[in-house]
Number of protein chains: 2
Amino acid sequence: MENVTIRMLAEKLQLSTATISKALNNSHEISEETRKRVQELAKELNYVPNPYASSLRKKSSKTIAVVIPEVADSFFAEAINGIEAVAKEKGYHVLIYLTHENSQQEQAILNDFQSGRVDGILISVTMETAASEHGLAHLSKELPIVFFDRVCEELPTARVTTNDKEAAFIATRHLIERGCRNIGLLAASQQLSIIRQRISGYEKALKEAGLPLSPNAVTYYTNDTVGNYKKVCETLRQHRFDGIIATTEKLATSVYEACETLGIRMPDELKVVGFSNLSTARFLQPSLTTVAQPAFEMGKTAATLLFRSLKNNHFPLAHQQVEIPSQLVIRQSTAV
Amino acid sequence: MENVTIRMLAEKLQLSTATISKALNNSHEISEETRKRVQELAKELNYVPNPYASSLRKKSSKTIAVVIPEVADSFFAEAINGIEAVAKEKGYHVLIYLTHENSQQEQAILNDFQSGRVDGILISVTMETAASEHGLAHLSKELPIVFFDRVCEELPTARVTTNDKEAAFIATRHLIERGCRNIGLLAASQQLSIIRQRISGYEKALKEAGLPLSPNAVTYYTNDTVGNYKKVCETLRQHRFDGIIATTEKLATSVYEACETLGIRMPDELKVVGFSNLSTARFLQPSLTTVAQPAFEMGKTAATLLFRSLKNNHFPLAHQQVEIPSQLVIRQSTAV
DNA sequence: TTGAAAGCGCTAACAA
DNA sequence: TTGTTAGCGCTTTCAA
């Protein structure tokens, strides 16, 4: 069986393709009767419109891109859930692109979007991304872009984050309240503004408690899991911290691994808070006190903003800076 | 700046659009010189081809669909990684669709693919999917489809699974060796062939050990996390199993939760093996003995098969039944 | 309320 | 080696 086209419907019904098109799109220019006739035949012949013909003509693809560093991370996985929920509701399709924390790859992906392949972009940038030299600024003039979680602060477009600074502040204060006096912070990257926010919240808490801000208490990591693990070991060995803030899920896991290797007992010798959405956090040994980010909500909100802008050109994306608070979930890794 | 098209290049260079098109596609019909001229101008003007025009004309979209029940599951997340790696290498785009274990939604998604939106499909079906009454059979005549993990055995197309039966056999035997005599199996669904495989491996191990096959030792679950948790509690309370095989990651987590609630001590009172790719399995309390599925490899293999078929129509997809073995990783949840 | 016609940007026969 | 031409399937003026 040939693919059914609008032309075939037109011939069968002795109507023009224009009429068919309008009827299928429920145009009110069309009489109720013909509309019904057309739609019935369409259903009967199992007509499915060719999306690419439509996209070509309308210059819109009903497709958005989600660009993220990785998918095997419960934050991003949940965020995708949120995005997908909204996209499905709006009848949009979701292209997914992984950057693997590599800004070159990210760049290449973004370049492709010049083509009109997608109507809008949801992105959480890599640890290496520096917005300035980034095609992102250019792209944002052609397409609506919404950042979620890992934003570029320099770019005047919508951003959905959690309350990174305050969450880190609260987490650090919690450690202090639990008796920690020498608290280290494991940072994912110098580049990321959300990490800078977290550091700043951490510093604020130390200052308020009158604790010194030792020079090497903040250490930085890359995308190299094995290298990171080694560096965590090194850091823990050198500094003899009594408290740790791990700013990513993977780093939190590395702390468990390092403690196992080094024979450091949590929480007695080291108390740990992790930024993490791990569903297993409560079953870890010891259960992990987490800064639980509203991943699903963030994805959903970001997508909602994007679709609002897609629906209405004049929607001021640049003014949308949504912050959704995280929750400190206290467990055994910070027990006294 | 207007969008640069092939026509604009043609005018600037005083050539025909046909020549431009061929030059850009590195056709050998074109002289080296004009090819260079064209490509240079293209680069200079930052020409980006319109993918939808090309798709419409060529009837191929350089896009594949990945249809999965959920993304917040380490198996599927890793599988996506594998798929994405191959897709990126081949220059394909990846549309992602979540069915949320709902075969109606799955159906709706699959229906859309009649449109030619994608060139091929990678799918892991829902717990409810019954292949027979399923549009899948119909679709598979129009598009190459590769199943991974959750396959439809009835459909004559490529399948990538792990050695479900044997892995379950080994896992069960392991429990028996560790002294279990009353082993329950938590099954995700009656419908899924991979679950039936796992059950059959489990039964085989019991039989070989001369253990009875008690009627309610296999319990079935749905997509309702809360409901499942309750049912797990109920099951554990009623049966007083000394060993459990959890056939999905989520069910394994539910066992931890249920044990906590019921005050059952793992591994003393209950030994547990979970089919799971949780990166935190080794840090759980107790660390979880897992059947670790080769998720990344399975995704990669499935994608590779799909692309092979895309490249070569005559590639006999139906004969590709790849099985990649899982690994039993023994940890404290099955300690004596 | 319907239809004729043009065209979205590209590719592929076929001709030159 | 290059160009002419037609057309992928749809939407959208504009005219009837």
Side-chain angles (χ1 to χ4, degrees), chain A residues 1-39 41-42 45-63 91 112-119 142, chain B residues 1-39 41-42 45-63 91 112-119 142:
Chain A
M1 190 179 80
E2 277 298 296
N3 249 336
V4 184
T5 71
I6 235 173
R7 257 248 295 284
M8 294 167 61
L9 299 182
E11 277 163 17
K12 289 234 182 202
L13 292 177
Q14 294 287 72
L15 288 169
S16 74
T17 59
T19 306
I20 304 290
S21 173
K22 287 173 192 161
L24 290 171
N25 291 302
N26 290 316
S27 163
H28 42 247
E29 304 181 357
I30 297 295
S31 76
E32 184 60 15
E33 202 208 312
T34 39
R35 219 204 57 202
K36 246 189 193 150
R37 283 212 304 149
V38 171
Q39 296 196 344
L41 183 67
L45 298 187
N46 192 24
Y47 165 77
V48 191
N50 180 318
Y52 297 135
S54 167
S55 292
L56 177 58
R57 178 65 229 236
K58 295 206 289 185
K59 296 189 167 310
S60 99
S61 59
K62 282 272 179 187
T63 303
D112 176 72
F113 298 152
Q114 305 251 352
S115 67
R117 186 182 299 277
V118 296
D119 297 344
E142 322 225 312
Chain B
M1 188 181 79
E2 278 297 297
N3 248 336
V4 185
T5 70
I6 237 174
R7 257 249 295 283
M8 293 167 62
L9 300 181
E11 277 164 18
K12 289 234 184 203
L13 292 178
Q14 296 285 73
L15 289 168
S16 75
T17 59
T19 306
I20 304 289
S21 173
K22 287 174 191 158
L24 290 171
N25 291 301
N26 291 315
S27 162
H28 42 246
E29 305 181 354
I30 296 295
S31 77
E32 184 60 17
E33 202 207 312
T34 41
R35 220 205 55 203
K36 247 190 193 148
R37 284 211 305 149
V38 172
Q39 296 198 344
L41 184 67
L45 299 186
N46 193 26
Y47 165 77
V48 191
N50 181 317
Y52 297 136
S54 168
S55 292
L56 177 58
R57 181 63 232 235
K58 294 205 292 187
K59 296 189 169 308
S60 100
S61 59
K62 282 269 179 191
T63 303
D112 176 74
F113 297 152
Q114 305 251 354
S115 67
R117 186 183 298 279
V118 296
D119 297 344
E142 323 224 311

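Residue numbering restarts at 1 for every chain, and letters A, B, ... go by the order of the sequence lines. The analysis underlying the following values was restricted to heavy atoms, covering all of them including side chains, and did not include hydrogens, waters or symmetry mates.
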Novice: Salt bridge or not between A:E32 and A:R35? Use side-chain N to carboxylate O under 4.0 Å.
Specialist: yes
Novice: Which atoms form the tightest heavy-atom contact between A:L9 and A:Y47, and what is the distance?
Specialist: CD1-CG, 4.0 Å
Novice: Heavy atom of residues 50-61 of chain B under 4.0 Å from DNA chain C: which residues?
Specialist: B:N50, B:A53, B:S54, B:R57, B:K58
Novice: So, applying side-chain contact (heavy atoms from CB on, under 4.5 Å) with B:Y52, which one of A:S54, A:S115, A:S60, A:S55 is it?
Specialist: A:S55
Novice: Closest approach of B:L45 and B:V4, non-hydrogen atoms and distance?
Specialist: O-CG2, 3.4 Å
Novice: Both A:A18 and B:T34 contact DNA chain D. Which one's nearest nucleotide lies toward the 5' end?
Specialist: B:T34
Novice: Within the 4.0 Å heavy-atom criterion, would you say A:E33 contacts the bases, only the backbone, or no part of the nucleic acid?
Specialist: nothing
Novice: What is the 5' to 3' range of DNA chain D, first to last nucleotide, that sits under 4.0 Å from any heavy atom of chain B?
Specialist: D:dT1 to D:dG9
Novice: Is the backbone of B:R117 close enough, under 3.5 Å, to the side chain of B:S61 for a donor and an acceptor to pair up by distance?
Specialist: yes
Novice: Looking at every heavy atom in both B:N26 and B:Q39, which two are closest together, and how far apart are they?
Specialist: OD1-NE2, 2.9 Å
Novice: Could you check whether B:T5 gets within reach of a base, just the sugar-phosphate, or nothing at all, counting any heavy atom under 4.0 Å?
Specialist: sugar-phosphate
Novice: Using the heavy-atom set of chain B and a strict 4.0 Å cut-off, write down the first and last nucleotide of DNA chain C that makes it in, 5' to 3'.
Specialist: C:dG9 to C:dA13
Novice: Please name the pair of heavy atoms, one in B:D119 and one in B:K62, separated by the smallest distance, quoted to 0.1 Å.
Specialist: OD2-N, 2.8 Å
Novice: Please name the pair of heavy atoms, one in B:I30 and one in B:A23, separated by the smallest distance, quoted to 0.1 Å.
Specialist: CG1-N, 3.9 Å
Novice: At their closest point, which heavy atom of B:S31 faces which heavy atom of B:T34, and how far apart are they?
Specialist: OG-OG1, 2.8 Å
Novice: Want to settle it: does B:K22 or A:N25 sit nearer the 5' end of DNA chain D, counting the closest nucleotide to each?
Specialist: B:K22
Novice: Yes or no on side-chain contact (heavy atoms from CB on, under 4.5 Å) for A:V38 and A:T19, after CA distance, side-chain angles and deciding distance?
Specialist: CA-CA 9 Å; A:V38 171; A:T19 306; 5.5 Å; no
